[in-house]
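These notes are about the structure you will find just below.
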Amino acid sequence: MRLDDRLGRPLHDLRVSVTDRCNFRCVYCMPKEVFGHDFRFLERNELLTFEETARLVRLFLAAGVEKVRLTGGEPLVRRDLERLVELIAPMPGLRDLTLTTNGSLLAQKARPLADAGLRRVTVSLDSLDDDVFRRMNDVDFPVGRVLDGIAAAEAAGLAPIKINMVVRRGMNEESVLPMARFFAQRGHILRFIEYMDVGHSNGWRLDDVVPAERIVAMIDAEMPLEPVPANYPGEVADRWRYRDGDGEVGVIASVTQPFCRDCTRARLSAEGELYTCLFAVSGHDLRAPLRDGEGDEALAARIAAIWGARTDRYSEQRSAETAALPKVEMSRIGG
Ligand code: SAM
Ligand code: SF4
Ligand code: SF4
């Protein structure tokens with residue numbers, strides 16, 4: 001089935017946030033001053049149960065979704081996550097099931113997740129320099145343990161592994177080249193992400209963004225690159241291959257080269273709200289009807305109506321005014 005929104009974009013990907021909590025306080029995502037001890041995270045009964053999540057995922061698959069990504073907050077802090085993977089992995093229509101994680105718990109979790117049916121992982125890592133990394137995660141977490149997690153994912157066959165690096169001016173620009181050198185040799189796909197104005201607590205300024213073009217130029221000067229055609233229409237990363245060797249890198253230029261025209265992603269928050277854009281001001285509650293006993297057909301019609309009415313293209317319309325709007329936090333809907 002193909003479900004198009006008002007701009008002709010089909011519903012194709014679903015990002016499922018399984019928790020709004022995280023064991024990191026990355027400065028660009030959950031700054032400590034906002035997400036401190038008195039921050040009110042969701043209570044257990046506010047979260048969708050795994051069974052509720054799985055039921056919604058099944059309806060999204062029937063509506064045309066083929067790719068499902070589990071995220072958070074930090075998805076691996078949700079206890080027994082492998083149970084959810086087990087419920088989703090065998091569903092008809094599913095072509096890709098993956099997870100985005102900060103990697104901190106991957107050394108313990110990679111094997112059980114792979115056994116449950118997870119196919120791949122994306123690990124976020126902002127620097128190989130321990131000091132820089134600790135400053136960015138802001139909980140003094142050592143980079144070595146994330147590398148152990150990546151090794152465990154590789155050993156468990158969760159490949160190809162993608163590594164996401166958010167580049168923020170003045171914090172980790174110097175880490176771009178060392179990261180490129182390191183991962184080029186290991187066959188993992190490194191992707192650089194422009195720092196975005198998600199949520200309203202990270203104090204985003206355009207000046208802090210390192211444009212993707214500049215990131216590519218920095219790498220190209222030392223390790224010549226050539227462009228690779230997109231894998232499929234709507235791929236968000238621009239891909240580049242090393243001219244004198246295997247391996248590739250990607251850049252996600254959501255700020256300087258927005259790709260709303262091809263955006264086919266829906267996001268389900270941990271408490272069951274459907275967001276049609278990463279920068280949405282509010283979501284559509286699916287938990288209430290679910291818990292009120294609404295049947296599959298009515299729920300499916302609800303999802304179809306929400307997607308059918310979608311007109312979002314925030315990044316193409318970004319301005320000083322939109323950047324100041326009270327948008328949903330990234331830790332709530334998972335990026
Ligand atoms: N905790 C997991 C992790 O860090 O991979 C999953 C959730 S995290 C919100 C998903 C992705 O969003 C990560 O790769 C993270 O680096 C990225 N991210 C968070 N805040 C961002 C921002 N302001 N700009 C760009 N990317 C951001
Ligand atoms: Fe946590 Fe991921 Fe946000 Fe960092 S980017 S604070 S690891 S949710
Ligand atoms: Fe999609 Fe919204 Fe991002 Fe545009 S701004 S690419 S519509 S999530």
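Counting convention: from 1, in listed order, for ligands and their atoms alike. Worth saying up front: this structure is predicted, and the values here are computed from it rather than measured. Computed from heavy atoms alone, side chains included, the values below leave out hydrogens, waters and symmetry copies.
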Worksheet item: If you look at every heavy atom in Ala116 and Ala89, which pair is closest and at what distance?
Response: O-CB, 3.8 Å
Worksheet item: Does Arg186 make a cation-pi contact with Phe182 (under 6.0 Å, within 45 degrees of the axis)?
Response: yes
Worksheet item: Is Cys22 near ligand 1, meaning one of its heavy atoms is under 4.0 Å from it?
Response: no
Response to the item:
With Glu66 as partner, the option from Arg265, Arg95, Arg2 fulfilling salt bridge (Lys or Arg N to Asp or Glu O under 4.0 Å) is Arg95
Worksheet entry | Presence of salt bridge, Arg168 and Glu194, under 4.0 angstrom | no
Fill in: Of the listed options Gly72, Pro31, Cys29, closest to atom 3 (Fe) of ligand 2 (non-hydrogen atoms)
Cys29
Discussion item. Out of all atoms in ligand 3, which are within 4.0 Å of some heavy atom of Arg267? Include the element for each.
Written reply: 8 (S)
Worksheet item: Within the structure, does Gly72 bring an N/O atom to less than 3.5 angstrom of an N/O atom in ligand 1?
Response: no
Worksheet item: If you measure from atom 13 (C) of ligand 1 to every heavy atom of Cys29, Ser124, Cys26, which option wins on shortest distance?
Response: Ser124
Worksheet, complete the sentence: The atoms of ligand 1 lying under 4.0 Å from a heavy atom of Asn102, numbered in the order shown, are 2 (C), 3 (C), 5 (O)
Worksheet item: Heavy-atom count around Arg79 CZ within 6.0 Å, excluding the residue itself: above 12?
Response: no
Discussion item. Around atom CZ of Arg261, are there more than 12 heavy atoms from other residues, nucleotides or ligands closer than 6.0 Å?
Written reply: no
Worksheet item: Taking only heavy atoms of Gly73, which atoms of ligand 2 are found under 4.0 Å from at least one of them?
Response: 8 (S)
Discussion item. Students often mix this up, so state it plainly: with edges at 30° and 60°, are the rings of Tyr195 and Tyr28 parallel, tilted or perpendicular?
Written reply: perpendicular
Discussion item. So, at under 2.8 Å, which protein N, O or S atoms would a careful student list around atom 2 (Fe) of ligand 3?
Written reply: Cys277 SG
Practice prompt. Below 4.0 angstrom from a heavy atom of Gly73, which ligand 1 atoms are there? Numbered from 1 as shown, please.
Written response: 1 (N), 2 (C), 6 (C), 7 (C)
Response to the item:
So the atoms of ligand 1 within less than 4.0 Å of a heavy atom of Thr100 turn out to be 2 (C), 5 (O), 6 (C)
Discussion item. Below the 3.5 angstrom mark, is there an N/O of Val166, backbone or side chain, next to an N/O of ligand 1?
Written reply: no
Practice prompt. Assess whether atom CD of Glu46 is packed by more than 12 heavy atoms of other residues, nucleotides or ligands within 6.0 Å.
Written response: yes
Worksheet entry | Contact (N/O only, under 3.5 Å) between Thr101 and ligand 1 | yes
Worksheet item: Which option out of Met196, Arg191, Arg168, Met136 puts a heavy atom nearest to atom 24 (N) of ligand 1?
Response: Met196
Fill in: Side-chain H-bond candidate by donor/acceptor type, Glu74 with Ser104, under 3.5 Å
no
Discussion item. Residue-level breakdown please: for Asp126 versus ligand 1, do any non-hydrogen atoms fall below 4.0 Å on the side chain, on the backbone, on both, or on neither?
Written reply: neither
Practice prompt. Answer yes or no: is there an ion pair linking Arg25 with Asp138, defined by an N-O contact shorter than 4.0 Å?
Written response: no
Worksheet entry | CA sep, side-chain torsions, deciding dist, call: Asp96, Arg69, salt bridge (Lys or Arg N to Asp or Glu O under 4.0 Å) | CA-CA 8 Å; Asp96 197 11; Arg69 176 177 297 276; 6.0 Å; no
Worksheet item: Counting from 1, what ligand 2 atoms have a heavy atom of Phe24 closer than 4.0 Å?
Response: 6 (S), 7 (S)
Worksheet item: ligand 1 and Tyr28, any nitrogen or oxygen pair closer than 3.5 angstrom?
Response: yes
Item to complete: Please identify which atoms of ligand 2 are closer than 4.0 Å to at least one heavy atom of Met30.
Response: 6 (S)
Item to complete: Check if Met165 has a non-hydrogen atom at a distance under 4.0 Å from any atom of ligand 1.
Response: no
Worksheet entry | Residue and atom name of the nearest protein heavy atom (relative to atom 1 (Fe) of ligand 2), distance in Å to one decimal | Cys22 SG, 2.3 Å
Item to complete: Measure from atom 3 (Fe) of ligand 2 to each N, O or S atom of Cys26 and report whether any distance is below 2.8 Å.
Response: no
Practice prompt. Check each of Met30, Glu194, Glu74 against atom 2 (C) of ligand 1 and report the one with the nearest heavy atom.
Written response: Glu74
Discussion item. For Arg134, is there an ion pair with Asp130 - N to carboxylate O distance below 4.0 angstrom?
Written reply: yes
Worksheet item: Is there a chain of hydrophobic side chains (I, L, V, M, F, W, Y, each step under 4.5 Å between heavy atoms) that links Leu286 to Leu47?
Response: no
Worksheet item: Side chains of Asp13 and Thr264: is there a donor and an acceptor less than 3.5 Å apart?
Response: yes
Worksheet item: Between atom CG of Leu81 and atom CG of Leu105, what is the distance when rounded to the nearest 0.5 Å?
Response: 11.0 Å
Discussion item. Closer than 4.0 Å to some heavy atom of Thr71 - which atoms of ligand 1 meet that?
Written reply: 6 (C), 7 (C)
Fill in: Heavy-atom check, side chain of Arg191 versus side chain of Arg239, under 4.5 Å
no
Practice prompt. Would you mind running through ligand 1 and noting each atom that sits below 4.0 Å from a heavy atom of Asn164?
Written response: 14 (O)
Item to complete: Take the angle between the ring planes of Phe24 and Phe141 and call it parallel below 30°, perpendicular above 60°, tilted in between.
Response: tilted
